[in-house]
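Please read these numbers as outputs of a predicted model, since none were measured by experiment. Each chain gets a letter, A, B and so on, in the order the sequences are listed, and its residues count up from 1.
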2 protein chains.
Amino acid sequence: MPSAVPLAQRPKRADGRRNYDGILQAARAAFESQGTEASLEDIARSAGVAIGTLYGHFATREALIEAAVREGLESLCASAAAQENSAEPDVALAAWFRQAVIHCSIYRGLVGFLASSSYHEGTPLHHSCVKMHDTGGRLLERAQRAGLVRADLTPEHLFTMLTSAAWARENDTPRSGGSEWLVDLLIEAMSQSADEAQLDGVRGT
Amino acid sequence: MPSAVPLAQRPKRADGRRNYDGILQAARAAFESQGTEASLEDIARSAGVAIGTLYGHFATREALIEAAVREGLESLCASAAAQENSAEPDVALAAWFRQAVIHCSIYRGLVGFLASSSYHEGTPLHHSCVKMHDTGGRLLERAQRAGLVRADLTPEHLFTMLTSAAWARENDTPRSGGSEWLVDLLIEAMSQSADEAQLDGVRGT
DNA sequence: ACCTGAACACCGTTCAAGT
DNA sequence: ACCTGAACACCGTTCAAGT
């Protein structure tokens with residue numbers, strides 16, 4: 001069994017698929033302008049279906065959110081796997097980190113769901129979180145083997161940095177410190193100089 | 001005029017003060033166990049007053065939150081001002097940063113209000129945010145003058161780091177990366193070595 | 001000056017009835 | 001297999017009436 005939680009599925013019947021897609025489209029628009037707390041009734045209304053239809057396709061708000069971001073997170077991880085062997089290990093990691101931060105903050109409130117799903121199995125978004133852990137972890141390990149990133153970093157640390165930066169981005173204001181800046185700082189903080197890497201080598205890390 | 005926004009005020013009449021205090025106590029308990037989205041009706045109920053009484057004292061949810069954390073943030077800034085000249089500049093900054101992270105994450109959801117209040121005048125929590133900016137900024141500047149902290153850091157950057165770490169703490173899980181770790185990383189990232197400081201000196205920073 | 005609670009509006013969620 | 005919308009529960013917020 002690949003996943004214990006029944007994720008939202010595109011129906012087979014034509015009318016069902018039409019509604020499913022319409023709801024998803026309306027949800028994306030609503031989440032984009034009002035965040036993940038947007039009214040589900042409004043979403044159903046603007047999709048032209050009854051509220052019961054929305055619940056029929058998406059059992060919970062989180063299931064709807066999951067369906068709305070699934071493709072994006074999927075492609076984020078897919079593109080990372082593709083470039084995994086092309087770019088320099090540290091550049092690849094940094095580039096992916098930047099993309100991931102953006103993906104996790106497309107909707108205001110999304111990163112909160114991601115954070116609480118990450119270590120809670122049985123939650124719709126958990127699968128996506130695990131996938132991000134895995135691909136992030138792979139990029140991380142590769143950079144660490146090359147001695148370009150601190151050896152004491154774990155995939156969990158990476159995920160914490162990721163979500164924190166995404167949250168900062170979500171709450172960005174023209175006058176605020178700037179999440180872009182924070183991302184730079186975090187990337188710099190996880191890299192290490194050649195000397196430090198050699199020290200690690202001596203210590204046998 | 002010190003503040004354009006009318007913050008919640010302790011009433012002068014005895015019965016009013018009793019209710020005000022009771023609501024505040026109930027609110028703190030509710031926020032602690034359920035976060036800042038706790039039901040206001042429940043709070044009023046467990047304080048033994050009608051819902052109208054709660055609204056009479058605290059016009060908005062944010063006003064209630066503000067009143068609940070005011071003392072804590074006040075004392076946080078006061079203690080920083082006191083130690084401002086005792087400890088080493090960088091240690092003082094780091095210590096305050098740690099305390100601040102804790103204070104901003106006592107209630108789940110609080111840091112979200114802080115982040116959105118920081119640059120929005122006319123919001124109940126704005127005053128507290130400005131105060132944190134100021135005291136944080138003073139500690140920062142002192143550490144920078146001593147060449148112990150990166151010169152390009154602004155108080156806004158510090159606030160962004162602060163709230164991000166507080167958010168991470170708010171969402172901490174036994175299995176997660178650990179916000180404590182993130183705090184350490186951020187503190188380390190803002191410090192700079194003596195060599196770098198000298199370089200800055202040469203450049204005239 | 002302060003308290004009360006009914007009244008209104010709104011939203012989430014379920015489910016019996018329909019096609 | 002899928003859709004509908006009434007029904008229920010709950011919460012936020014206001015305000016006329018009271019002390």
| Any side-chain heavy-atom pair from B:D172 and B:E180 closer than 4.5 angstrom? | no
| request: Report the residues that fulfil ring-ring contact (aromatic ring centres under 6.0 Å, His included) with A:Y20, sequence neighbours left out, ordered by chain and then residue number. | output: A:H57, A:F58
| field | Spacing of CE belonging to A:M190 relative to CG belonging to A:D90, to within rounding of 0.5 Å | value | 9.0 Å
| field | Test: A:D15 and A:R18 ion pair at under 4.0 Å | value | no
| Listed in order of residue number, which residues of residues 8-23 of chain B have a non-hydrogen atom at under 4.0 Å from DNA chain D? | none
| query | Is the shortest side-chain N to carboxylate O distance from A:K131 to A:E74 below 4.0 Å? | reply | yes
| message | Between B:E84 and B:R138, does any side-chain N to carboxylate O distance fall below 4.0 Å? | response | yes
| query | Got a second to check how far B:M161's CE is from B:L158's CG, nearest 0.5 Å? | reply | 5.0 Å
| task | Taking atom types as modelled, find out whether A:T53 and A:N19 have a side-chain donor-acceptor pair closer than 3.5 angstrom. | result | no
| request: Can you tell me which stems DNA chain C forms, taking runs of 3 or more consecutive Watson-Crick or G-U pairs with both distances under 3.5 Å? | output: C:4-8 with D:12-16, C:12-16 with D:4-8
| Presence of salt bridge, B:E141 and B:R145, under 4.0 angstrom | yes
| said: Between the side chains of B:E88 and B:R142, is the shortest nitrogen-to-carboxylate-oxygen separation below 4.0 Å, so that they form an ion pair? | reply: no
| query | Going by number, which of residues 24-43 of chain B have a non-hydrogen atom under 4.0 Å from DNA chain C? | reply | none
| field | Output field: ring centroids B:H120/B:F113 closer than 6.0 Å | value | no
| task | Mind checking side chain to side chain contact (heavy atoms under 4.5 Å, CB included) for B:Q25 and listing every partner two or more places apart, or none if nothing turns up? | result | none
| request: Scan residues 53-65 of chain A against DNA chain C and write down, sorted by residue number, each residue with any heavy atom closer than 4.0 Å; if none is found, say none. | output: A:Y55, A:R61
